[in-house]
Every structure is written in C-alpha cells, then in structure tokens.
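Beneath this line is the structure, given in structure tokens, with notes to follow.
Throughout, residue positions are numbered sequentially from 1 according to the sequence presented.
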Amino acid sequence: MNEQAQPAGGDPLFNPLAPDFIRDPYPHYDRLRTLDPIHVTPFGQFVASRHADVSLVMRDKRFGKDFVERSKRRYSPAIMDEPVFRSMSHWMLQADPPDHTRLRGLVVKAFTARRAEDMRPRIQEIVDQAIDAVINRGHMDLIEDFAFRLPVTIICDMLGIPEDHREVFYKSSRDGGRLLDPVPLSKEEIAKGNAGNMMAQMYFQQLFELRRKTPGDDLITQLVQAEEDGNKLSNEELTANIILLFGAGHETTVNLIGNGLLALHRNPDQLALLKARPELMVNAIEEFLRYDSSVQMTGRVALEDIDDLGGKKIPKGETVLCLLGSANRDPAVYPDHPDRLDVLRQNVRPLSFGGGIHFCLGAQLARIEAEIAIATLLRRLPDLHIDDVENPKWRSTFVLRGLTELPASW
C-alpha cells in the first residue's frame with residue numbers, strides 16, 4: 001500500500017471485520033474510492049470500490065471464480081480436505097463454466113420471473129400470518145418474528161422440506177456468513193463450518209431418499225430426477241447446491257427486509273412518503289438495495305494477466321474483491337447525494353445481486369418478498385416504531401450485511 005493511500009492515523013483503509021466498519025462501512029468506502037480505488041490488502045487481494053471497475057470485473061470473461069486454486073493459495077493445499085471447503089467447491093456460486101452452466105441450468109427454471117410472480121399469494125399469506133401472531137402483543141423483533149420467517153418458509157416450500165421438519169430451520173443459527181468474508185478463517189471457525197456442513201448434509205441426504213421414494217412438485221425432486229437421468233449431478237454436487245440454495249434463498253432477503261426497515265425508520269420523511277404513496281414501493285425496494293445492500297462484496301480471480309484495472313496491473317491468479325456496497329454509492333453513477341435514502345430516486349440499478357453469469361438466480365423473488373413484507377407492515381402496523389434506530393445490533397460478518405435483532409413496538 002503506498003504512503004499517500006494511508007489515511008490519517010495509520011488505520012488500514014480496508015479492515016472489514018473492525019466493529020466501526022461493520023457498523024457503517026460507507027465512510028470507509030468513500031475513502032477507498034477517493035484515495036486508492038484499486039487497493040491491495042495485507043493478504044494480497046485487490047479491492048475494487050468504484051462502480052465502473054466493479055461492473056467490469058463481474059462481467060468480464062477474463063475473470064472467474066477459480067475457487068479450489070484460490071483457496072489453496074490462501075490457506076494451503078490441505079484446505080480442500082476440510083468438508084466445508086469441499087462442499088463450497090461444488091457450489092454453482094463458486095463454479096466456472098462449463099460446470100457453472102450445467103449446475104445453473106438445472107435450477108434456473110424454478111426461479112423464473114413468472115414463477116416468482118405466481119408466488120405472490122403465498123408470500124402475502126405468510127406475511128399476514130407473521131403479523132397476526134404478534135399484533136396483540138404490541139412489540140416484536142422485526143428480524144426473528146418477521147423478516148426471518150418469510151424467506152425461510154418460501155425456500156422450504158420451494159425445496160419441498162416437509163412442514164414438520166421446519167421448526168429446526170426457523171431456529172437454526174445465522175452465523176454461516178463468516179465463510180464468505182475476505183478475512184481468512186481461524187481453525188475454530190473452519191471446525192464450526194465443518195460441523196454445520198455435516199449436519200446439513202446428513203439432513204438433506206435423508207430428504208433426497210424420501211423424494212426418490214415419494215416425488216413431489218418441488219426443486220429437490222427435480223434435482224434428484226436430473227441426477228438419475230444421466231449423471232448430470234453427483235450426490236456431492238446435489239447436496240452442496242441445496243445447502244447453497246437454502247442459505248442464499250433466505251439470508252440475503254432477511255437482510256434486505258431488515259436493512260430496508262431500519263433505513264426507513266432512520267429517515268422519517270421517506271417513511272411518511274411511502275405510507276402516503278404505497279405505489280412507490282417497487283422503486284423503494286431498488287433504493288433499499290442500493291442504499292444498504294444485504295450483500296456487500298463478491299470476488300473474482302484474474303484468469304489471465306490484466307494490464308490495467310483502474311490503473312493497476314492484476315497478475316493471473318490474483319483475487320479482486322468487488323465492493324458492491326461501495327459501487328452502489330459511487331457519485332460517478334449517483335451524483336445526487338448518494339449517501340441519502342431517496343425512494344423517489346430515478347434510474348436506480350443497484351449491483352447488489354451481482355452481475356454477469358453469476359447474477360443472483362433469486363433476484364426477482366427477493367424483490368417481491370421484500371415489497372410485500374414491507375408494504376404489508378406499513379399498512380397493518382402504521383404506528384410501529386423501532387425501539388433504538390441509533391444503535392442497532394449488526395451481525396459480525398461483512399459480506400452478508402444484516403441485523404441480529406431489531407426490536408419494535410406499536
């Protein structure tokens with residue numbers, strides 16, 4: 001890191017697990033974009049913070065995932081003996097073509113915009129049930145009692161997880177996000193990841209057997225049948241990608257709803273505007289995605305030497321971390337007060353769902369879930385207020401940005 005890129009006080013420019021970074025990463029992003037837009041971390045990763053660079057890296061075929069080699073370089077060749085890393089190596093999210101193309105092709109039909117639209121009545125039903133369960137209490141935790149139950153129920157529906165198995169999923173811990181952070185995992189964290197992965201594998205293996213014997217109209221049945229049709233999916237790939245779909249299918253949506261509600265209550269003028277004009281909700285969801293993205297970063301590896309990315313050479317095999325949260329507030333794209341929440345903002349095209357071949361499969365479903373959840377809450381509990389908007393409890397992960405709890409009363 002060159003000398004002039006060091007901010008005053010000598011603090012590192014990019015320290016994503018520091019408490020003040022987790023509490024509010026946006027001033028740090030501002031410094032990165034200004035002082036060192038392609039920043040090199042102490043771990044040797046390149047960090048892209050401007051919209052133009054982030055966009056390019058996500059879409060350019062000269063960059064890929066290269067998960068196995070990247071992980072070996074970061075830890076040691078033995079890392080791939082760890083069950084959680086072996087499982088992640090089969091995720092479509094970490095795969096390059098042709099594996100990525102084959103894996104995504106098997107599940108993409110379940111996530112079409114049409115399928116997502118067809119789920120509106122079911123989403124509305126779940127949201128209303130969640131509010132019915134607490135309305136007479138006068139208080140709830142907006143994460144645990146509200147934001148969390150909706151996407152978990154929807155992904156359980158889609159995967160075909162039986163009703164009587166679901167309670168464990170509602171109560172399961174939400175600390176898996178640390179696996180995605182750019183700071184290397186400790187031995188203890190890897191052991192914890194392995195334990196969680198083994199539990200999930202054991203459960204889903206049993207569910208695959210159940211669906212082989214009694215097929216249903218669900219995604220697991222489709223994937224089990226695809227596996228049997230001609231070895232399109234190995235058992236390890238099947239398990240890994242169901243674990244991925246379960247996690248990705250709810251984690252980010254929980255955070256989108258929670259972060260959106262917090263942002264609204266921190267900006268009472270925008271909250272009042274949305275209550276008065278509910279038709280603005282679709283645009284507001286795009287603004288929530290831009291303003292405080294539930295996914296802050298995605299990574300790529302240079303598959304060849306890159307001569308110039310924002311003025312830096314990227315050697316083949318090096319990792320580029322794309323800061324989605326920073327790109328979403330880049331004044332070069334959002335010149336009108338990018339740090340302000342504005343539900344009337346025009347031409348909002350957040351990068352929160354990624355880009356290129358890894359663009360989020362469930363983007364449309366997540367938008368619809370958040371739209372119905374927040375609109376229904378504002379309509380049915382118009383007097384709701386968040387108990388402490390100034391000091392909410394953030395999760396201790398960086399890539400998946402969200403709240404551990406958000407108590408509210410009415």
Side-chain angles (χ1 to χ4, degrees), residues 1 5-51 53-54 57-58 65 67 70-71 73-75 88 93-94 174-186 188-190 192-193 247-248 251-252 254-256 258-259 262 289-301 309-310 312 314 318-330 338-339 350-354 392-404:
M1 187 164 59
Q6 275 281 36
D11 291 331
L13 269 175
F14 183 65
N15 186 12
L17 295 185
D20 70 315
F21 205 108
I22 282 175
R23 190 168 54 249
D24 184 5
Y26 298 102
H28 300 273
Y29 294 158
D30 203 23
R31 293 212 312 248
L32 275 165
R33 287 191 308 268
T34 308
L35 294 173
D36 198 15
I38 302 288
H39 171 69
V40 186
T41 75
F43 301 110
Q45 300 152 316
F46 293 80
V47 180
S49 50
R50 290 184 303 207
H51 191 285
D53 300 324
V54 167
V57 171
M58 289 196 297
K65 289 289 187 169
F67 177 80
R70 182 179 92 216
S71 302
R73 280 193 297 272
R74 194 171 176 195
Y75 294 93
M88 284 163 72
L93 180 67
Q94 302 290 13
R174 296 177 58 225
D175 52 15
R178 177 69 184 93
L179 290 169
L180 301 173
D181 283 333
V183 177
L185 298 160
S186 67
E188 294 73 27
E189 287 171 321
I190 291 171
K192 197 172 172 184
E251 283 277 10
T252 51
V254 174
N255 296 345
L256 168 56
N259 297 2
L262 177 65
L289 284 161
R290 183 200 72 81
Y291 180 77
D292 199 7
S293 177
S294 46
V295 181
Q296 288 284 311
M297 190 203 85
T298 185
R300 296 289 189 274
V301 171
L309 178 69
K312 297 250 172 89
I314 314 288
E318 294 299 334
T319 297
V320 180
L321 306 177
C322 299
L323 298 181
L324 306 174
S326 175
N328 283 340
R329 293 205 189 184
D330 188 341
D339 288 321
L351 296 180
S352 311
F353 291 118
K393 291 191 170 70
W394 292 100
R395 298 173 61 174
S396 57
T397 53
F398 161 64
V399 171
L400 296 182
R401 176 167 171 78
L403 298 147
T404 56

Mind checking the [atom1]-[atom2] spacing from [X] to [Y]? Nearest 0.5 Å is all I need.
X	Y	atom1	atom2	value
Leu321	Met297	CG	CE	4.5 Å
Lys393	Ile22	NZ	CD1	15.0 Å
Leu93	Met88	CG	CE	8.5 Å
Tyr29	Phe14	OH	CZ	7.0 Å
Asp36	Leu13	CG	CG	6.0 Å
Phe353	Thr252	CZ	OG1	7.0 Å

Write down the atom of [X], the atom of [Y], and the distance for their closest heavy-atom approach.
X	Y	value
Ser294	Asn255	CB-CB, 3.2 Å
Ser293	Asn259	O-ND2, 4.1 Å
Val57	Cys322	CG1-SG, 3.6 Å
Met58	Thr298	SD-CG2, 3.7 Å
Leu35	Pro37	C-CD, 3.9 Å
Gly258	Leu403	O-CD1, 3.8 Å

Discussion item. Restricting to salt bridge (charged side-chain N to carboxylate O under 4.0 Å, His left out), what partner residues turn up for Arg300, sequence neighbours left out?
Written reply: none
Worksheet item: Under the salt bridge (charged side-chain N to carboxylate O under 4.0 Å, His left out) test, which residues partner Asp20, sequence neighbours left out?
Response: none
Discussion item. Between Pro182 and Pro16, is there a side-chain heavy-atom distance shorter than 4.5 Å?
Written reply: yes
Worksheet entry | Side chain proximity check, Ile38 to Val47, heavy atoms < 4.5 angstrom | no
Sequence neighbours excluded, which residues qualify as side chain to side chain contact (heavy atoms under 4.5 Å, CB included) partners of [X]?
X	result
Pro184	Phe43, Arg74, Tyr75
Arg73	Asp66, Glu69, Arg70, Val301
His51	Ser55, Ala327, Asp330, Val333, Leu351
Asp181	Leu17, Arg178, Thr397, Phe398, Val399

Worksheet entry | Phe46: partners by ring-ring contact (aromatic ring centres under 6.0 Å, His included), with sequence neighbours left out | none
Worksheet entry | Candidate pair Glu251 and Arg395, rule salt bridge (Lys or Arg N to Asp or Glu O under 4.0 Å), full reasoning | CA-CA 12 Å; Glu251 283 277 10; Arg395 298 173 61 174; 2.7 Å; yes
Can you name the residues that form a side-chain hydrogen bond (donor to acceptor under 3.5 Å, both in side chains) with [X], not counting sequence neighbours?
X	answer
Asp339	Arg329
Ser326	Arg33
Tyr291	none
Arg50	Asp53

Discussion item. For the backbone of Pro350 and the side chain of Asn328, can you confirm whether one donor and one acceptor N or O come within less than 3.5 Å of each other?
Written reply: no
